[in-house]
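Take a look at the structure below.
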Amino acid sequence: MMDKNGSAIPIWDRFPSHERLAVNFTLTCNLACAHCIVESSPQRTERLTPDEVKSALTTAKSSGKKHVTFSGGEVFLFHKDMTEVIAFARSHGYVVDVETNGFWARNDTMARDRLAPFVEAGISGLSVSADAYHVHYFPVERAINAVRAGRSYGLLTEINFCPSTEQETDAQIIAALEEANEPFIHNELLIRGRGKDLIQLGDGRPVTELPDCDSLTTTVHATGDVYACCELDISTDAMKRTPVFLGPIQSAPAEMAKQQRREALVQEFYNPDSPIYFRKMIDSHPLFTELGTDRYQSICDLCMKALGDPKRIDSLLEMLNERSATP
């Protein structure tokens with residue numbers, strides 16, 4: 001998908017973040033990429049059941065979600081389960097996209113054949129990776145074959161490129177994509193999962209130089225837990241000590257109401273129009289001002305520190321409750 005200037009943009013940007021759901025269906029993957037933020041590999045066995053996915057889709061639909069992206073791991077390893085949940089999602093009114101490494105697109109014919117059941121089940125978009133981490137396993141031409149097959153079926157497509165330290169390989173991949181006239185999205189290497197081992201951390205940035213958070217998409221992880229953010233790092237328990245962690249997929253109604261309140265708090269914390277917008281809180285609230293003197297590797301680091309403190313959470317909730325009580 002491209003903007004009016006011809007630049008590639010993420011296909012899920014056709015929906016605002018509060019209408020999106022991400023389902024990390026499995027951590028099983030035929031690859032073990034060195035930068036994988038969820039640390040997928042052939043040895044990982046975590047996977048949601050179709051019933052768990054359907055439960056998550058049903059709950060999210062009642063919260064106003066309209067779009068779902070299925071990712072892994074590698075979803076094309078489980079075409080039977082995937083086509084079942086894709087069809088379920090479509091029957092409930094979702095627009096459905098899938099992410100893949102494109103291993104299955106050895107040539108044009110194979111690409112169309114492997115993609116056909118997903119198209120029949122109801123997908124609308126296809127996201128594929130092409131970078132040095134994936135080219136370690138197979139050539140970039142598979143990503144090109146995959147998106148071309150997708151467009152032949154009328155799908156929206158995107159290719160994601162993540163830079164590496166292998167500058168020559170990066171240049172070759174970019175040249176191949178440009179020669180094929182395939183636009184691509186230039187992503188940053190994230191300090192998550194295995195990616196943490198690839199980045200030499202500096203001193204970080206002050207809050208004033210951090211971007212606003214653009215990752216507030218409700219995410220169902222392959223372990224069965226639900227988060228208010230798609231930039232997951234479950235290698236530590238830090239995220240579970242914040243309201244970003246919403247709880248398990250299948251919860252009692254009372255617990256689901258608590259999950260909705262936690263997610264609403266996180267969204268308000270990053271909403272510039274909210275009274276508890278994080279920049280406003282750091283500028284004026286005594287429990288938050290000290291955050292303005294620290295430096296952070298990313299907005300995620302700030303999030304874990306700010307929302308990992310129960311006293312700060314209580315103050316945010318109090319402010320939101322006061323706003324709700326105001327006529």
Side-chain angles (χ1 to χ4, degrees), residues 1-3 5-13 27 29-44 69 71-74 76 99-108 111 126-151 157-206 209-211 213-215 230-233 235 295-301:
M1 193 167 80
M2 292 184 289
D3 62 17
N5 298 317
S7 299
I9 57 175
I11 57 177
W12 77 351
D13 276 3
L27 296 185
C29 189
N30 53 328
L31 315 182
C33 294
H35 71 322
C36 183
I37 65 171
V38 294
E39 302 184 53
S40 296
S41 75
Q43 287 72 46
R44 300 295 294 268
T69 298
S71 67
E74 178 50 56
F76 275 74
E99 296 180 358
T100 177
N101 60 41
F103 76 94
W104 39 271
R106 291 177 179 270
N107 55 53
D108 292 342
L126 180 71
S127 174
V128 186
S129 297
D131 46 47
Y133 308 103
H134 291 85
V135 168
H136 177 73
Y137 295 95
F138 46 72
V140 67
E141 284 72 22
R142 295 199 192 181
I144 295 171
N145 293 340
V147 294
R148 287 179 173 175
R151 290 197 298 274
T157 63
E158 70 179 26
I159 293 178
N160 288 283
F161 170 83
C162 184
S164 74
T165 58
E166 301 176 32
Q167 296 182 2
E168 184 177 347
T169 301
D170 285 358
Q172 291 172 350
I173 293 168
I174 291 173
L177 294 174
E178 290 178 343
E179 183 179 355
N181 292 316
E182 290 293 345
F184 60 92
I185 298 167
H186 195 290
N187 296 313
E188 292 184 359
L189 182 62
L190 298 177
I191 312 172
R192 291 284 179 273
R194 296 193 194 106
K196 288 187 293 189
D197 298 330
L198 302 177
I199 298 177
Q200 185 174 356
L201 300 181
D203 294 332
R205 293 174 287 175
E209 295 181 11
L210 293 176
C213 179
D214 60 358
S215 301
C230 62
E231 300 292 355
L232 301 186
D233 184 2
S235 60
R295 300 178 73 87
Y296 306 91
Q297 297 299 325
S298 67
I299 189 67
C300 301
D301 290 344

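For this chain, numbers begin at 1 and follow the sequence in order. Every value quoted in this text rests on a predicted model; they were computed, and no experiment measured them.
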Between Asn30 and Glu74, does any side-chain donor sit less than 3.5 Å from a side-chain acceptor?
-> no
Going through the distances and angles, do Asn160 and Ser127 end up as a side chain to side chain donor-acceptor pair (under 3.5 Å)?
-> CA-CA 7 Å; Asn160 288 283; Ser127 174; 2.9 Å; yes
Please report the closest heavy-atom contact between Ile173 and Ala130, naming both atoms and the distance.
-> CG2-O, 3.9 Å
Output the distance between atom OG (Ser71) and atom CG (Asn101), rounded to the nearest 0.5 Å.
-> 12.0 Å
Considering only heavy atoms from C-beta outward, does the side chain of Ile185 approach that of Pro10 to under 4.5 Å?
-> yes
Atom pair OH/SG of Tyr133 and Cys36 - distance to nearest 0.5 Å | 12.0 Å
Output for pair (Glu99 CD, Ile11 CD1), nearest 0.5 Å, gives 8.0 Å
Starting at NE2 of His35, measure out to CG of Leu189 and round the result to the nearest 0.5 Å.
-> 7.0 Å
Answer yes or no: are there more than 12 heavy-atom neighbours, outside Arg106 itself, under 6.0 Å from its atom CZ?
-> no
Give the minimum heavy-atom separation between Ala146 and Val128, together with the two atoms involved.
-> CB-CG2, 4.0 Å
Would you sort out whether Thr165 and Leu198 count as a side chain to side chain contact (heavy atoms under 4.5 Å, CB included), showing the intermediate values?
-> CA-CA 9 Å; Thr165 58; Leu198 302 177; over 6 Å; no
Gap between atom SG of Cys230 and atom CD1 of Ile37 - 0.5 Å precision = 7.5 Å
Would you check, one step at a time, whether the test side chain to side chain contact (heavy atoms under 4.5 Å, CB included) holds for Ile144 with Leu177?
-> CA-CA 7 Å; Ile144 295 171; Leu177 294 174; 3.9 Å; yes
Which heavy atom in Pro183 sits nearest to a heavy atom in Ile159, and how many Å separate them?
-> O-CB, 4.0 Å
Check: Phe103 and Phe138 side chains under 4.5 Å, non-hydrogen atoms | yes
Do any N or O atoms from the side chain of Asp170 and from the backbone of Ser164 form a donor-acceptor pair under 3.5 angstrom?
-> yes
Minimal heavy-atom distance between Ser215 and Glu231, with the atoms involved, is OG-CG, 3.0 Å
If the plane angle is over 60° it's perpendicular, under 30° parallel, otherwise tilted; pick one for Trp104 and Phe76.
-> parallel
Apply side chain to side chain contact (heavy atoms under 4.5 Å, CB included) to Arg44 and Cys29, showing your working.
-> CA-CA 7 Å; Arg44 300 295 294 268; Cys29 189; over 6 Å; no
Taking all non-hydrogen atoms of both residues into account, name the closest pair between Asn145 and Asp108 and its distance.
-> OD1-OD1, 3.5 Å
Flag yes if more than 12 heavy atoms outside Glu209 fall under 6.0 Å of its CD atom; otherwise flag no.
-> yes
Minimal heavy-atom distance between Ala32 and Arg194, with the atoms involved, is C-NH1, 3.7 Å
Fit a plane to each ring of Phe161 and Phe184, take the angle between them on a 0 to 90° scale, and name the class: parallel (under 30°), tilted (30 to 60°) or perpendicular (over 60°).
-> perpendicular
Rounded to the nearest 0.5 Å, what separation is found between the CD atom of Glu179 and the CD atom of Gln172?
-> 12.0 Å
